[in-house]
Amino acid sequence: MEAEIRAVYPPASGTAEAPDSSSGLGRPDRLLVHYAEIGIKGQNRPRFAELLRQNIEHRLHRAGSTTRVRLTHDGLYVEIPPGAELEPLLSAVAQVPGIAWFAPAHSFPRPVAGWSETDVQRLEAALVALARVLPVQSTFKVRVKRSDKRFPLNSSELARRFGAAIIAGSGWSKVSLDSAERVFSVHIAREAAYLFTDRVEGIGGLPVGASGRVLALRSGGIDSPVAAYLMAKRGCRVDFLHVAATRIDLQSVAASPVAELARLLSRYSLHSRLFVVPSTRFDIGLLQRRSAYEQVLFRRFAARVAERLARRLGAPALVAGDSLGQVASQTLKNMVTMSAAVELPILRPLIAYDKREIIDLARSIGTYETSIRPYKDCCSLLSPQPRTASRHEEVSALESELFPDYDALVEQTLAEALCLVFDCGERVSEPGD
């Protein structure tokens, strides 16, 4: 994303590409943000838009910026402080779910007396000034969106006039409406007119908090972080539960790949808690009898612990990184048996993904390299030849034999839980700090 941002907009200073004082244009003073699905949410649109505004502002404040984010009639904008570096702001906004695209823009406030031909001329001069300092490419086009219909001339008339001005006043000479290498955009809103070049795509989805809270089961592998990311993208507040293979302490948990993945994911989920519990009490019960159902037994145990914790957190659903048929424990029958152990639904956003798709997504969100670091989780210690087909009734009977007081097993396991808290890519606290 950072490379794309650098390519889309000129650097702040130090190169011939950067607009300077001689152009009369200066640096962008606002970051336009266009939301994704929020625009079709009807009566919920104002609430979702305000939630997105709060999320962007929180993300920017955690990145060290005190800038304000304001709602407009059809989107949002971020006030860019004078002298502020663009790239850190853009990188932070790029990780906020609910955004379709964003762009650094020059703003021209609507005069108190209303729009006039003078404002058309101001925008025309600004476009020419920007065209002069950008490196000339083969083709360009001007895209105009006129949300405020009080502005003189309609969108098509403005686009033709601005395009002609660029050709007459700069080195750009060839227009392509279908495949332009550079797009000069003008957005006429109620509060201001905005000028910007090619926009940067956001991650889409819904703002975090719009869809409630979930608790994601976390292994040390590639898939479960991607599943958690997808739920954050769909507007969920995401907390994590990891069942560790050994006894745990705060220092070792904080240094583990599991904690690092939670930190990385909090760049998207904004605020997340990582709960880590040991599997030792489950392991002791399992020693009584080796079984080809060990993987299924463990996954049911993890689901029951997660369900108990989720109810306390107010999360009405669990999340797993299962992909149908990817491994023996993720066959359809085994997933049905796992789900039958709990009352809460287990959401599986990766169910139809193949491994390559999951790896590609893990790379794009920055979790892949951490996910492949050596780490011994519980699954690696269980039977290497698990059953691919199981039945709830048969496994339940085995559980009754191995764990006569399952409720106590879950409670004792949760009593040993450790919690780390992450906010926008930083570890911030844990209970007892």
Side-chain angles (χ1 to χ4, degrees), residues 1-12 15-20 22-36 39 72 74-75 77 86-87 90-91 93-94 99-108 115 117 119-149 151-189 192-204 364:
M1 177 60 73
E2 291 182 3
E4 181 182 2
I5 289 169
R6 286 193 294 270
V8 164
Y9 208 84
T15 76
E17 295 183 15
D20 55 29
S22 64
S23 72
L25 192 59
R27 296 287 296 162
D29 60 339
R30 291 183 182 179
L31 182 66
L32 282 187
V33 178
H34 187 77
Y35 40 65
T72 66
D74 55 358
Y77 68 81
L86 282 177
E87 193 167 303
L90 300 180
S91 295
V93 171
I99 296 174
W101 59 264
F102 55 94
H106 304 273
S107 68
F108 299 82
W115 301 113
E117 170 63 22
D119 300 298
V120 179
Q121 295 172 7
R122 288 174 62 210
L123 287 175
E124 191 173 83
L127 278 166
V128 172
L130 182 58
R132 285 175 177 170
V133 295
L134 290 176
V136 175
Q137 296 169 280
S138 298
T139 57
F140 81 97
K141 74 174 180 179
V142 177
R143 177 168 50 207
V144 178
K145 178 182 178 182
R146 191 179 64 128
S147 298
D148 189 347
K149 304 306 180 186
F151 195 87
L153 307 179
N154 61 35
S155 297
S156 297
E157 292 168 336
L158 288 168
R160 287 194 294 270
R161 177 166 169 176
F162 293 155
I166 289 173
I167 291 173
S170 72
W172 298 79
S173 60
K174 187 175 181 181
V175 173
S176 173
L177 299 181
D178 297 322
S179 57
E181 293 184 59
R182 172 70 68 177
V183 179
F184 295 90
S185 295
V186 180
H187 180 196
I188 313 294
Y194 299 98
L195 165 62
F196 55 98
T197 56
D198 300 60
R199 59 201 190 189
V200 180
E201 296 300 312
I203 62 177
S364 72

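It should be emphasised that the depicted structure is a prediction, and the values quoted were computed from it without experimental measurement.
- Annotation: side chain of R27 is in contact with side chain of L86 (closest heavy-atom distance under 4.5 Å).
- For S179 against T139, the heavy-atom pair with the smallest separation is O-OG1, 3.6 Å.
- In this structure the side chain of L195 reaches within 4.5 angstrom of the side chain of F108, judged on heavy atoms.
- Between the side chain of R182 and the main chain of T197, no donor-acceptor pair closer than 3.5 Å is present.
- With contacts defined as side-chain heavy-atom distances shorter than 4.5 Å, the pair N154/E157 qualifies.
- Aromatic ring pairs are classed by plane angle as parallel below 30°, tilted from 30° to 60° and perpendicular above 60°; the pair H187 and Y194 is tilted.
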Would you check, one step at a time, whether the test side chain to side chain contact (heavy atoms under 4.5 Å, CB included) holds for I166 with V142?
CA-CA 9 Å; I166 289 173; V142 177; 3.9 Å; yes

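- Looking at heavy atoms from C-beta onward, F102 lies out of side-chain contact with H34 at the 4.5 angstrom threshold.
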Pair L123, F151 - check side chain to side chain contact (heavy atoms under 4.5 Å, CB included), show working.
CA-CA 12 Å; L123 287 175; F151 195 87; 3.8 Å; yes

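- Residues L158 and V186 form no side-chain contact, since every pair of their non-hydrogen atoms from C-beta on lies 4.5 Å or further apart.
- Contact detail for I188 and A193: the closest heavy-atom pair is CD1-CB, 3.8 Å.
- Using a 4.5 Å heavy-atom threshold, the side chains of W115 and V120 count as separate.
- Of all heavy-atom pairs between E124 and A165, the closest is CG-CB, 3.4 Å.
- By the 6.0 Å and 45° rule, R30 stacks over the aromatic ring of Y77.
- Between S147 and D74, the closest heavy-atom pair is OG-OD2, 2.8 Å.
- Under a 3.5 Å cut-off, the side chain of W172 and the backbone N or O of A131 do form a donor-acceptor pair.
- In terms of heavy-atom proximity, L31 sits nearest to P104 at CD1-N, 3.5 Å.
- For the pair R143 and V183, the tightest heavy-atom approach, listed with the atom from each and the gap, is NH2-CG1, 3.6 Å.
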